[in-house]
Asks: 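Structure in structure tokens, see below.
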Amino acid sequence: MVVIVKKKTRKDEKLEIIRAEDLWEPVGPTPMPDLADLRNWDMRLLKTYKPFYAPFCDLCCFCTYGKCDLTGEQGGACGIDMPTQQGRIVLLACCGGVAAHGAHGRHIIDYLIEKYGEDYKIDLGTQVAVEAPIIRTVLGLKPETLGDLKKAIEYVERGLIHLVSSLHTGQEGSDLDYESKALHAGMLDHVALEVTDIAQIVGFSFPTSIADTPLVDFGWGVVDKTKPVILCIGHNPATATSIIDYLNQNNLQDEVEVCGICCTALEVTRYSKAAKVIGPLSRQLFFVRSGVADVIVTEEQCIRADTSLEAKKAGSALIAASDKACYGLDNVTEKEADEIVKEMVEVGKQVLILVPEKAAEVAVKVAIKIARQREKELIEASQVPELVQECHNCRICDRNCPNLLPVGEAVEQAGKGNLEKLIEVFNKCLGCGKCEQDCPRNIPILKLMQAVASGETFKLRSGRGPIHDVEIRKVGAPIVLGTIPGVVAFVGCSNFPEEIDEVAEMMEEFARRKYIVVASGCAAMAAATKKDAEGKTIYEKYPPDFDAGGVLNVGSCVANSHIAGAAIKIANIFAALPLRANYEVIADYILNRVGACGVAWGAYSWKAAAIATGCNRWGIPVVVGPHSSKYRRLYLSRKEEDDWTVMDGRTRQLVDTQEPSPEHLINVVESKERAIVTIAKLCIRKNDTPQGRQIKLNHYIALHKQYLGTLPDDLHLFIRRTTDIPIFFKKEVMEYLQKVGWKEKPVLTLPTLIGTYPSKVPLEAVIH
Amino acid sequence: MVVIVKKKTRKDEKLEIIRAEDLWEPVGPTPMPDLADLRNWDMRLLKTYKPFYAPFCDLCCFCTYGKCDLTGEQGGACGIDMPTQQGRIVLLACCGGVAAHGAHGRHIIDYLIEKYGEDYKIDLGTQVAVEAPIIRTVLGLKPETLGDLKKAIEYVERGLIHLVSSLHTGQEGSDLDYESKALHAGMLDHVALEVTDIAQIVGFSFPTSIADTPLVDFGWGVVDKTKPVILCIGHNPATATSIIDYLNQNNLQDEVEVCGICCTALEVTRYSKAAKVIGPLSRQLFFVRSGVADVIVTEEQCIRADTSLEAKKAGSALIAASDKACYGLDNVTEKEADEIVKEMVEVGKQVLILVPEKAAEVAVKVAIKIARQREKELIEASQVPELVQECHNCRICDRNCPNLLPVGEAVEQAGKGNLEKLIEVFNKCLGCGKCEQDCPRNIPILKLMQAVASGETFKLRSGRGPIHDVEIRKVGAPIVLGTIPGVVAFVGCSNFPEEIDEVAEMMEEFARRKYIVVASGCAAMAAATKKDAEGKTIYEKYPPDFDAGGVLNVGSCVANSHIAGAAIKIANIFAALPLRANYEVIADYILNRVGACGVAWGAYSWKAAAIATGCNRWGIPVVVGPHSSKYRRLYLSRKEEDDWTVMDGRTRQLVDTQEPSPEHLINVVESKERAIVTIAKLCIRKNDTPQGRQIKLNHYIALHKQYLGTLPDDLHLFIRRTTDIPIFFKKEVMEYLQKVGWKEKPVLTLPTLIGTYPSKVPLEAVIH
Amino acid sequence: MSIPYHYVNVPTGFKTARIIEDASEYAHLIKRARRPLLLLGPLTLRISLNGRLLMEYGVDIAKAANIPVCATAHTKKKLLELGVTPESTYDIIEIINHLKDKEWRGVKKEGNHDLVMFLGFRTDLGQQGLSTLKHFAPHLRTMTLCKYYYPNAAYSLPNLKDDKWGEFLENLIANLKEKGV
Amino acid sequence: MSIPYHYVNVPTGFKTARIIEDASEYAHLIKRARRPLLLLGPLTLRISLNGRLLMEYGVDIAKAANIPVCATAHTKKKLLELGVTPESTYDIIEIINHLKDKEWRGVKKEGNHDLVMFLGFRTDLGQQGLSTLKHFAPHLRTMTLCKYYYPNAAYSLPNLKDDKWGEFLENLIANLKEKGV
Ligand code: SF4
Ligand code: SF4
Ligand code: SF4
Ligand code: SF4
Ligand code: SF4
Ligand code: SF4
Ligand code: SF4
Ligand code: SF4
């Protein structure tokens, strides 16, 4: 059928969406990249940082031909092999992460557009002109309104369907291609994160363009139990902020305590200083069981699946406020608020309310009504021996514990009046409840922990949102040249291998060494669990500026976008590289020249997998803790065997640097001590000036000596010329270099991967 | 911030998208329903058809707290219990299915819009005025152009992100709510199916408004091996149709054989009668290994993950043509076609080409070049004993076979010259290759099967697309009244428990009993594997009309939309119920009054799970084969214990019918014989007139006697008054009713579930 | 670790069947049960042992211990020919759906069953059905009589060759016929 | 079926470790290996047996059979204090990443290792690392020395109490010191 019609290519459509005619920058090669558009970049990354698989299961159970044993050379009935199946599961996790963040973002966008309209302007304050570095780079759009953020979410939704489709049986047949898709998912995840946090900042007036955000109270003991208590659990602040609004509008702000667990806590404390932060995911069950909360309001993500049951057991009322977690409850959204309150108070009904404002009103009213009738007795040390009486030392609790803790011994000792081991266990406890669940004597182990859980209040810096352009202008050069030894971001969940305050220790180590230390999410909360001799947490000790020796909390997990955003802004503000639809150039820049390292010490979730994988595609390496070996996949190099050749963008020559910097893109490290040393190493970049390299090596060497006892065994790989050697260690390093037969390395002026693989990007594009 | 802006609610947005001002029907209560909008309907369905779980694994391995043992009362570290985890996996499968179909649809839409523009009109021919019953009902949009279809896909994409988000740890805590989400996913899947098939029909000019579509050649022997052979595997016809175009444009249509496996085969034969259908998924590996294909072109879905390797082993060239399955190959899309041809022919390079026209050109040129150099020798019976010599009867092949076949015995017998058992095995073989893969003596078992595989040609009806409005007008009343005893649709994959021709047998049973028999996908192909004494397949014996005793092939799996579409059209055309945004009323109508039953005898994929679940939300029951127990979830009632009360829409009275019709929404049946009996029962509806009920019971009784030897043991549940009893069996039925103490049932004029659960839909809405 | 004959039935979890090779032990468990139930599957129509149909063995077991029978699939017809009227003709999934409800009254309306015996099912379907009962029916025990190790059963035979299997069934029948438990 | 001490390490598949309780058999396997390698994990710094640090047992094992050591995590420092210089300081994942390459030259550049021994790792991380080698390193065997059953190892001890474990390690060291295989 031949009809003359106005036809638009997919490319035309993209240019229209991103307003290509609006020339804030020229449009780069990959506006709104689709599934295969950055594949060559991925393959180049994966060539150096090869997928390392640790299968969590020998089998596949995904379709009705299974189960299939994929051990060794065996393939599934569909022909898939073990590495490809692991890649498939990795992609599944990343898709789940993109979707969780993206659906949250979509919900917030829809909610705010209904409230304020599509044309509501984005304004992140006077200090943030580059408002959306990720959206600018990935899509090529400079978002000015909520409507523009909506475009970005639509881009994510449109990409997600292709990624999820790829999970189906009989799609991808290559582990490398599944990894490329996972990297693409990670990139979309970062877009979703940025959309969501920007929307929340402008929509809920969260702080922005302020570094010195308030210090808020943190800790399970901060809640005033004499008042009605509303506990919010989840990630979506629409309901929590509505609760704050309702209290303020009705002059009840001093009458009712609002506290939160997980990212919702971080969000609501960006909205109201009066809100309290109970803790990360690992404190959820513990706090719910304490019965301190009169009303529990859940919305989405990382909420225990049995919250409905646990609330009932604890005598707390429950309102589910998201379509993601309805718990089989009646949807009473259309009912009158007071009618709902009545049912909840009189018969203990739990409900689903999908309009935040109504959920807020009902929550407050119910809390006030039932608080006076509820007793909130917490267990004290004296009560412990009696509760523990029945324990017969079977150690089934040990065996069930996902953190492999010596629970049984702690309980046994506690029964004899010695609480020390119980304190140790509590500090490492992930809050899963499995010890108690399978205890044949029904010892209430989590309750026991109330007796040892510190009721102290800690100070936590509330989330500040994006890094400021002026901060970037100040630190951009030092970071790229190396004189600020690195940006280290402590992010992610609380599935820690050891004590919850290990993160605080690690952060402190780098803050005092004048790295820039950033935190987010459950890690940001964990960082506040350690007080020094003066009773200060790390947030009180160090300035909250994105500067050497600064310690910042960007906010919740969606605020992780600002961490990648900072690296991108360095490329843009310092290196004057255009961002627009210019993903490869920017990621190449970050990989080769921005000394940043992420640390997800307790990652547990699919969301964390997506965030980490997204960082990897940007060229940001991530260190993860031991539990993360269960994600099944890492991206590792072999420093001595692999090829570290890069292109020199100025001389247009290939240079064999033999320098593994960064050595891995994502690596599991066993211990905090080894992690600290590894992080320092992972901040080294080929672009370091001699001065910068000296500074970085000074830390690397000092830390390696401190924790491992000697000079680093791979030090020679990181010394290009003798000018790289830190003065303090000059003599012993020179001796060492002599011993290992070190030779000077070739000169390198502008390290880039562009030119080392097939790409649309011309080499000129990396020069600024 | 108070600014007067033009605000649009989500509802406004929807009304705008569906052009509410265009009053082809009033807009019903649920335009473009979101995640929780039809939850009450789901809960009502699930109340009668409760989720039945058969866990495929005792554990969960989804996050780094795992693995968690969910046996018995144990919960995971996140608090999830076993039923909820199974519901979660069911949702995962449905999401994968929606995404596969939706991404395919999105790709086709993008491709066609680039070619023809957004305003390209949808025209399904003079016989199909209700062009998109699903889109009309679910969205409330009457699609007129490709741009409108794009809106429908965007609706799917927008819904998918919420569904996938719900899979994340710490979301849903209720198995019923996970099932509600799965049902929602199924509904979105049906939208995606309809979008895709309509787009393909209009974009590729597939036949429509024709019942008598051509009979095409089917069978692995149909291919003319003396010509160059191009084999297309997958689901997306963009490339296969391009190959046909290229051949025609260059006058090569008689020079090159184009054949297909899986849905692509069904699509390409709707485009060109000259294309050949090799077979369903179960014949993929077998045919690839035969080496008959000179060039294999893969695109997406249900393609063996090791196709790259297998092509190489067989000496066939390979072009991957979709971003869903890139196999780690170089993306040569930007290269000149002849340059690609050269590399492929000279060094055997396998490539990824993402532009269909270029892939087509290269495929044809390569096929022509290499065909003359390739030998295509197939194994003959005489060669078998030698190939089998090394077999030492270890029976490892038996143990690996996912269809539990006695492979070893067949091989042993074949070695002695008796091929009978090998023929039996081949007829039940799923084509997975696992027997051969793990054979310690490297017996080439699939190759052996070449000696017994019938090279016969069978006739398969090419896909006809939608059911015609005039057909609906003719059969609507008989179906609803019951005088056409039912519409039985044989759909889905080829993971059959027994012989591949069981589907043909089942279809024949119902065709000769004057049911309307519809087929699609791999089932439609399997139906063509049986010839009667005169050498005719079922398509040659029965007329292709949607009428009593007709046997139709709607097309590929995306054409399944026309099966649900037919049921919807009955509600609209016969019962004059408005479709627009009126999901509950239409589904309620179908459940209570349209005697339709789906049969996915060999379902294996996530796509099939989504399709079946989508049927269930419409109220269409589905029978699945034994392998489908591995999907983990069914929807079952207990006929004698459960409550079969419905509302009488006219009298506005609740009526306790005690009639389990339909008894289940999805059920695993063990044997073909039992399936036939079950299908007949599942076509019974409360709306049957006495005459209709007589006809249906006549079949049910006759079949039960034939296969189980007696009157049905639940017959009394389906006899409302003695006027329901088929004359032929009157005496014995009366005796039986007397024996069991049967009593007449209350009168029921308009069965509906509306009014038996909280719903926005007023009872009046069901009256037509 | 015991390995199921068909590898697709690989167990994944801790709770697996107790493997019993001794027919008298099986007989003891059966006789001790208060309300055993025998489920017959369609493979009883196809498998022959020592010249007898597997269904005939099933019939002998049922008769020897007065066990009600549920004839699943299309087994009823042959069963009637053999002179046995089954107490139920639920299909396999349907009977399991009822069994998992503690409150169900059983096929004879006397109370739910406490020992459910399986004979003649495809192993993959059997394994799935047993999974449902393993997880959701703590009030009963399952017992498989086929020659395959069923990880999801409570009691299962090991993988056996036909001769040993036939022997086992014959011994079981003999044991059941004996008086006493 | 043997059950790992920590339930999170539940095996899912057919290929599980051979459990060995006899120290002399372990010693035989070690002595028979051409290029064994001992990996020490950070728990060797924290666990004490009979008043000795677990690391000291590790050192004794290495010395008794002249086995090169890879000091993972931050174990190097203590190892040096004990007078041992490890041949490698790769972290656990890094050494496994090298070991799985058949062509790797090993920590002493003499050729890859054929027996890799693990001591002092958290069981969940150990089980994952062993999974990598089980699936992707058919050219070597893995052996765990901790008191836990490791399903993904080739050779593993059963779950043991401290006293039996200490005894085992002492016997192993004694056996290794003996001449001959
Ligand atoms: S998806 Fe492939 S490997 Fe997984 S169960 Fe199905 S056939 Fe087996
Ligand atoms: S499981 Fe219970 S009884 Fe056993 S050791 Fe632990 S606390 Fe004590
Ligand atoms: S609640 Fe804490 S101590 Fe108990 S099993 Fe979970 S992580 Fe271990
Ligand atoms: S950091 Fe992890 S555990 Fe914490 S809220 Fe985010 S995803 Fe959940
Ligand atoms: S992949 Fe996970 S759910 Fe599937 S069999 Fe393995 S452990 Fe079980
Ligand atoms: S998602 Fe829940 S049940 Fe699954 S592994 Fe994680 S904590 Fe365990
Ligand atoms: S696995 Fe191979 S050798 Fe063994 S019985 Fe089967 S065909 Fe023969
Ligand atoms: S190829 Fe056929 S016979 Fe062989 S294992 Fe697969 S299904 Fe069984």
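Chain identifiers are assigned alphabetically (A, B, ...) following the order of the sequence lines, protein sequences preceding nucleic acid strands; residue numbering begins at 1 within each chain.
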Asks: If you define the side chain from C-beta out and look only at heavy atoms, does anything of A:Val98 sit under 4.5 Å from A:Val156?
Replies: yes
Asks: Highest number of heavy-atom pairs under 4.5 Å with chain B: which of A:Ser308, A:Cys57, A:Ser629, A:Gly66?
Replies: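 Of A:Ser308, A:Cys57, A:Ser629, A:Gly66, A:Gly66 has the most heavy-atom pairs under 4.5 Å with chain B.
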Asks: So which heavy atom on A:Ala320 is nearest to which on A:Tyr327, and how close?
Replies: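 Residues A:Ala320 and A:Tyr327, closest heavy atoms: CB-CD1, 3.9 Å.
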Asks: Among B:Asp110, B:Ile80, B:Leu167, who wins on heavy-atom pairs under 4.5 Å with chain A?
Replies: B:Asp110
Asks: Is the side chain of A:Glu114 donor-acceptor paired with the backbone N or O of B:Arg10 at a distance under 3.5 Å, no angle test?
Replies: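 Yes; at least one donor-acceptor contact below 3.5 Å.
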Asks: So which residue, B:Asp330, B:Leu92, B:Leu329, ends up with the most heavy-atom pairs under 4.5 Å with chain A?
Replies: B:Leu329
Asks: Examine whether an atom of A:Arg106 lies under 4.5 Å from a heavy atom of chain B, and if so say whether it belongs to the side chain, the backbone or both; otherwise answer neither.
Replies: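 The side chain, not the backbone.
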Asks: Does any backbone or side-chain atom of B:Asp438 lie under 4.5 Å from a heavy atom of chain A? Answer side chain, backbone, both or neither.
Replies: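 Looking at B:Asp438, just its side chain touches chain A.
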Asks: So which part of B:Cys63 gets closer than 4.5 Å to some heavy atom of chain A, the side chain, the backbone, both or neither?
Replies: both
Asks: Could you check which of A:Cys262, A:Gly328, A:Gly96 has the highest count of heavy-atom pairs closer than 4.5 Å to chain B?
Replies: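 Going by pairs under 4.5 Å, I would pick A:Gly328.
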Asks: Pick one of side chain, backbone, both or neither for A:Lys607, based on which atoms fall under 4.5 Å of a heavy atom in chain B.
Replies: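 Both backbone and side chain of A:Lys607 come within 4.5 Å of chain B.
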Asks: A:Thr64 side chain to B:Tyr631 main-chain N or O, any donor-acceptor pair under 3.5 Å?
Replies: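 Judged by distance alone, no pair lies under 3.5 Å.
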Asks: So what's closer than 4.5 Å to chain B heavy atoms on A:Leu354: side chain, backbone, both or neither?
Replies: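 For A:Leu354, the side chain is the part near chain B, not the backbone.
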Asks: Quick one: which of B:Met43, B:Glu157, B:Gln171, B:His107 has the most heavy-atom pairs under 4.5 Å with chain A, could you say?
Replies: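 That would be B:Gln171.
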Asks: Heavy-atom distances under 4.5 Å only: say whether A:Tyr111 touches chain B with side chain, backbone, both or neither.
Replies: neither
Asks: What part of B:Glu13 lies closer than 4.5 angstrom to a heavy atom of chain A: side chain, backbone, both or neither?
Replies: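 Side chain only.
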Asks: Under a 4.5 Å heavy-atom cutoff, which of B:Ser166, B:Ala99, B:Gly173 has the most pairs with chain A?
Replies: B:Ala99
Asks: Under 4.5 Å heavy-atom distance to chain B, tell me which part of A:Asp34 shows up: side chain, backbone, both or neither.
Replies: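 Neither the backbone nor the side chain of A:Asp34 comes within 4.5 Å of chain B.
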Asks: Quick one: sort the B:Tyr604 and A:His168 rings into parallel, tilted or perpendicular, breaks at 30° and 60°.
Replies: perpendicular
Asks: Check this for me, if you would: do B:Arg88 and B:Glu172 make a salt bridge, where the nitrogen-to-carboxylate-oxygen distance has to be below 4.0 angstrom?
Replies: no
Asks: Would you say that B:Ile113 contacts B:Lys150 through its side chain, given a criterion of any heavy-atom pair below 4.5 Å between the two side chains?
Replies: yes
Asks: Which pair of heavy atoms, one from A:Gly431 and one from A:Arg304, lies closest together, and at what distance?
Replies: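 Here A:Gly431 and A:Arg304 meet closest at O-NH1, 3.7 Å.
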Asks: Quick one: of B:Gly97, B:Ala36, B:Cys61, B:Pro758, who has the most non-hydrogen atom pairs under 4.5 Å with chain A?
Replies: B:Cys61
Asks: Checking heavy atoms, do the side chain of A:Cys68, its backbone, both or neither come under 4.5 Å from chain B?
Replies: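 Looking at A:Cys68, backbone and side chain both touch chain B.
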Asks: What part of A:Thr84 lies closer than 4.5 angstrom to a heavy atom of chain B: side chain, backbone, both or neither?
Replies: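 Neither part; nothing is under 4.5 Å.
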Asks: Closest heavy-atom contact between B:Gly87 and B:Glu179?
Replies: CA-OE2, 3.8 Å
Asks: Between A:Thr169, A:Thr307, A:Leu352, A:Leu281, which has the largest tally of heavy atom pairs under 4.5 Å with chain B?
Replies: A:Thr169
Asks: For B:Glu300 versus B:Ser322, what's the shortest heavy-atom pair and its separation?
Replies: CB-OG, 3.8 Å
Asks: What residue in B:Ser174, B:Ala77, B:Ser180, B:Ser605 has the most heavy-atom pairs under 4.5 Å with chain A?
Replies: B:Ala77
Asks: Do you know which of A:Ala192, A:Gly76, A:Cys432, A:Cys95 has the most heavy-atom pairs with chain B at a distance under 4.5 angstrom?
Replies: A:Cys432
Asks: Side chain from CB out, backbone as N, CA, C, O: work out which of these in A:Ala603 comes under 4.5 Å of a heavy atom of chain B, or both, or neither.
Replies: backbone
Asks: Show the nearest heavy-atom pair for residues B:Asn400 and A:Gln74, with the distance to one decimal.
Replies: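 For B:Asn400 and A:Gln74, the tightest heavy-atom pair comes out as OD1-OE1, 4.4 Å.
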Asks: Checking B:Tyr120 against B:Thr145 for the side-chain contact (heavy atoms from CB on, under 4.5 Å) test, could you report, in this order, the C-alpha distance in whole Å, the side-chain angles of both residues, the deciding distance, and whether it holds?
Replies: CA-CA 5 Å; B:Tyr120 192 75; B:Thr145 60; 5.9 Å; no
Asks: Using non-hydrogen atoms only, which part of A:Lys324 is less than 4.5 Å away from chain B: side chain, backbone, both, or neither?
Replies: both
Asks: Looking at A:Gly75, A:Pro402, A:Ser628, A:Gly102, which has the largest count of heavy-atom pairs under 4.5 Å with chain B?
Replies: A:Gly75
Asks: Could you give the distance from CZ (B:Arg158) to CZ (A:Arg158), rounded to the nearest 0.5 Å?
Replies: 14.5 Å
Asks: Is any side-chain N of the basic residue among A:Arg39 and A:Asp177 closer than 4.0 Å to the acidic one's carboxylate O?
Replies: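 Judged by the 4.0 Å cut-off on N to carboxylate O distance, A:Arg39 and A:Asp177 do form a salt bridge.
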Asks: Is it the case that B:His184 and B:Asp37 place a side-chain donor and acceptor less than 3.5 Å from each other?
Replies: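 On atom types as modelled, these side chains do not qualify, holding no pair under 3.5 Å.
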Asks: Rounded to the nearest 0.5 Å, how far does NE2 of A:His162 lie from CG of A:Leu188?
Replies: 10.5 Å
Asks: Is chain B contacted by the side chain of A:Ile89, its backbone, both, or neither, given a heavy-atom distance below 4.5 Å?
Replies: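 Contact with chain B: none, neither part.
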Asks: For A:Asp306, is it the side chain, the backbone, both or neither that has a heavy atom under 4.5 Å from a heavy atom of chain B?
Replies: both
Asks: Relative to chain A, which segment of B:Leu309 carries a heavy atom at a distance below 4.5 Å: side chain, backbone, both, or neither?
Replies: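 For B:Leu309, no heavy atom lies under 4.5 Å from chain A.
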Asks: Using heavy-atom distances under 4.5 Å, tell me whether B:Leu59 contacts chain A through its side chain, its backbone, both, or neither.
Replies: neither
Asks: Checking B:Gln437 against chain A: side chain, backbone, both or neither under 4.5 Å from a heavy atom?
Replies: side chain
